[in-house]
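Working notes, beginning with the structure itself.
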Amino acid sequence: MKYSEYIQYDGLGLAQLVQSKQVTASELLDTAWQRYELVNPKLNAIVITMHRQAQDNAQKNPSGLFSGVPFLLKDLHQEYQGVATSFGSNALKKAQHISSQHTEIVKRWEDAGMVPFALTNTPEFGIKGITEPKAWGACHNPWNLKHNSGGSSGGSASAVAAGIVPIAGASDGGGSIRIPASYCGLFGLKPSRGRTPWGPKISEAMHGAVSQHVLTKTVRDSAAMLDAAQGAEHGSLFKIEAPQGKYLELIQHTPRPLKIAFNTDSPIGTAVSQDAKDAILHTAKLLASLGHHVEEAKPNIEGMQLAKDFISTWFSQCAFTVQQFKREFGAKDQDFELDTLAIAAFGAKAAALDYIQNLNNWGMHVQKMNQFFEDYDLYLTPSTASVAPKNGEIKTPAWQTPILKGLLKLDQAHLLAKGKLVEHLVKNNLKWVPFTQLANITGLPAMSLPLYWNKNNLPLGSQFIAPFGREDLLLQLAAQLEQAQPWLPKYQGIIV
């Protein structure tokens, strides 16, 4: 199959060609592989390949809704039996760790007919909103190679936008689906807590703040993939209510007129670019033209407190992960990035009482969002505070490096996270992406839509947050907006 034909289809479209025997799964895989060989040297989106396994699977003529569609897995908690995984870290890369089994969501994706053939670049343990791991190097943005693809699902976003595959695996613990979707001009949905599985090794990640799903070019691909993956498993802590019908069918129905609140102010008081403001004003006008009521309003949540509650738990999770890798794989401090060690040092010193207080605060944020949704159907903000940063633009200043190393050596790095320095730490980490953590802490579904490109042809997404379990409402609105302002033709103009 010629690439000029391949790029015209989304995942469901390619699957229909396989099902009607116009093309084989092996031919699709060959086309995807050729595109990978052409553009990945410039993008660095894919870091671990599994071509032999993919060829074997393609030759079996896989059946399902996505019969024979080439697919990519994120190199983080999307493990494939018999294939190496690194979690973006030299600690696991050096250990040459081979996955002993499929994760549950990978199994469900394969059952839907997907043909995974590689793993995508991600920051170490997915802890950053950019993808520049020391283990693999920076992942470049197809819209402009000088810019980053975002994180932590940056490799997946870069590969989809560049046309290697129409769909790729992703996950979101603080915005890691929506941030790269915003930077790379894709559709990215973060499902509700518990909507998609985490097993068999863990029940949920970071108290349910992290969700697994995909990055896509079309809304219908995302809806169909959610149909394929959603639902509890044996290890699930609770069972989320199933949707009333298939998401792929629900998006055929236009949503009723919705009451949507919007806001463009950073919840932590940091700068928001004019691009981000323009993107939301554009989206608000588009919504109004479709009959929805849009007004400026925001939840009664103190943004800095929410950010502190997120950062504190995020850092503690990082500390646990570092210790786990040291214990299981014999990793040493030198196997981890300096930023990771510093974050882990902060998290390791968190008092148990403070940690429980953070989790109790999460519940208060849930309560306030539930109150907010008594008056509004959805909440609209920018997905990110600006278009994608340039590679190397977000990094620890050179003057801080020796200070951090010295404090780590003395086991005193946690002192940097005391008192007023906490707010500085929060702003320094989240100023680029202050809007996304709200949905993670509250477990609410959220999505980023590609409705805006700036004068330099860089995209910036519009984020919508919905009440718990209402992925159907998000997907219905997304399909309506996609029809009103189609974005699929935009990808035809990408030249990597």
Side-chain angles (χ1 to χ4, degrees), residues 172-176 178 190-195 203-211 237-241 259-270 296-320 346-347 349-383 417-427 429-431 433-447 463-471 473-474:
D172 191 317
S176 292
R178 291 158 290 154
K190 182 202 85 69
S192 299
R193 176 188 181 186
R195 177 67 72 195
S203 297
E204 62 178 15
M206 209 171 84
H207 309 292
V210 193
S211 297
L237 293 180
F238 67 95
K239 289 188 176 181
I240 188 171
E241 185 177 351
K259 186 178 181 183
I260 302 172
F262 78 93
N263 179 54
T264 60
D265 296 331
S266 166
I268 58 174
T270 48
E296 194 165 1
K298 60 183 178 181
N300 183 28
I301 292 177
E302 206 288 293
M304 181 56 72
Q305 183 59 56
L306 183 140
K308 289 178 182 177
D309 295 332
F310 172 80
I311 283 288
S312 297
T313 311
W314 189 259
F315 284 8
S316 295
Q317 180 70 40
C318 181
F320 172 80
F346 303 152
K349 297 294 183 178
L353 292 178
D354 292 337
Y355 192 87
I356 296 300
Q357 182 62 63
N358 285 337
L359 293 183
N360 286 341
N361 290 346
W362 285 29
M364 296 299 101
H365 301 315
V366 170
Q367 184 180 87
K368 289 183 178 180
M369 285 305 293
N370 288 340
Q371 292 171 347
F372 181 74
F373 285 130
E374 290 178 0
D375 297 320
Y376 297 98
D377 295 303
L378 297 173
Y379 182 43
L380 167 64
T381 72
S383 298
K418 296 294 183 182
K420 291 184 179 180
L421 285 174
V422 176
E423 288 194 12
H424 174 75
L425 201 63
V426 167
K427 290 182 177 180
N429 277 272
L430 300 181
K431 64 183 179 181
V433 290
F435 300 104
T436 48
Q437 297 79 36
L438 172 60
N440 298 95
I441 277 187
T442 55
L444 300 177
M447 65 181 179
Q463 176 185 234
F464 290 86
I465 302 175
F468 186 77
R470 294 307 309 273
E471 288 91 342
L473 189 58
L474 289 176

Practice prompt. Run through Asn361, Ile301, Ile268 and flag the one making a side chain to side chain contact (heavy atoms under 4.5 Å, CB included) with Leu306.
Written response: Ile301
Using 0.5 Å steps for rounding, measure from the [atom1] atom of [X] to the [atom2] atom of [Y].
{"X": "Asp309", "Y": "Met304", "atom1": "CG", "atom2": "CE", "value": "11.5 Å"}
{"X": "Leu237", "Y": "His207", "atom1": "CG", "atom2": "NE2", "value": "11.0 Å"}
{"X": "Asn360", "Y": "Tyr355", "atom1": "CG", "atom2": "OH", "value": "12.0 Å"}
{"X": "Met206", "Y": "Cys318", "atom1": "CE", "atom2": "SG", "value": "11.0 Å"}
{"X": "Arg193", "Y": "Asn440", "atom1": "CZ", "atom2": "CG", "value": "12.0 Å"}
{"X": "Asp265", "Y": "Thr270", "atom1": "CG", "atom2": "OG1", "value": "10.0 Å"}

Give me the atom names and distance for the closest heavy-atom approach of [X] to [Y].
{"X": "Ser316", "Y": "Ala350", "answer": "OG-CB, 3.7 Å"}
{"X": "Phe372", "Y": "Lys298", "answer": "CE1-C, 3.5 Å"}
{"X": "Ala446", "Y": "Ala439", "answer": "CB-CB, 3.8 Å"}
{"X": "Gly347", "Y": "Ala319", "answer": "C-CB, 3.9 Å"}

Is the backbone N or O of [Y] less than 3.5 Å from a side-chain atom of [X], with the two atoms forming a donor-acceptor pair by type?
{"X": "Glu471", "Y": "Ser192", "answer": "yes"}
{"X": "Ser211", "Y": "Pro191", "answer": "yes"}
{"X": "Arg195", "Y": "Glu241", "answer": "yes"}
{"X": "Lys190", "Y": "Leu444", "answer": "yes"}
{"X": "Thr381", "Y": "Asn263", "answer": "no"}

Worksheet item: Is there any salt bridge (charged side-chain N to carboxylate O under 4.0 Å, His left out) pair reaching into residues 364-379, and which pairs are they, with sequence neighbours excluded?
Response: Arg256-Asp377
Heavy-atom check, side chain of [X] versus side chain of [Y], under 4.5 Å:
{"X": "Met369", "Y": "Ile441", "result": "no"}
{"X": "Gln437", "Y": "Ile311", "result": "no"}
{"X": "Tyr379", "Y": "Gln463", "result": "no"}
{"X": "Phe468", "Y": "Val366", "result": "no"}
{"X": "Phe435", "Y": "Ser383", "result": "no"}
{"X": "Thr313", "Y": "Trp362", "result": "yes"}

Worksheet item: Of all residues at least two apart in sequence or in a different chain, which pass the side chain to side chain contact (heavy atoms under 4.5 Å, CB included) check with Phe320?
Response: Gln317, Gln324
Worksheet item: For the residue pair Phe315 and Phe346, does the interplanar ring angle fall in the parallel (under 30°), tilted (30 to 60°) or perpendicular (over 60°) class?
Response: tilted
Practice prompt. Mind running side-chain contact (heavy atoms from CB on, under 4.5 Å) on Leu378 and Leu474 for me, showing each step along the way?
Written response: CA-CA 8 Å; Leu378 297 173; Leu474 289 176; 3.8 Å; yes
Discussion item. Set out, in order, the CA-CA distance, both residues' side-chain angles and the distance that settles side-chain contact (heavy atoms from CB on, under 4.5 Å) for Ile465 and Phe373, then state yes or no.
Written reply: CA-CA 10 Å; Ile465 302 175; Phe373 285 130; 4.2 Å; yes
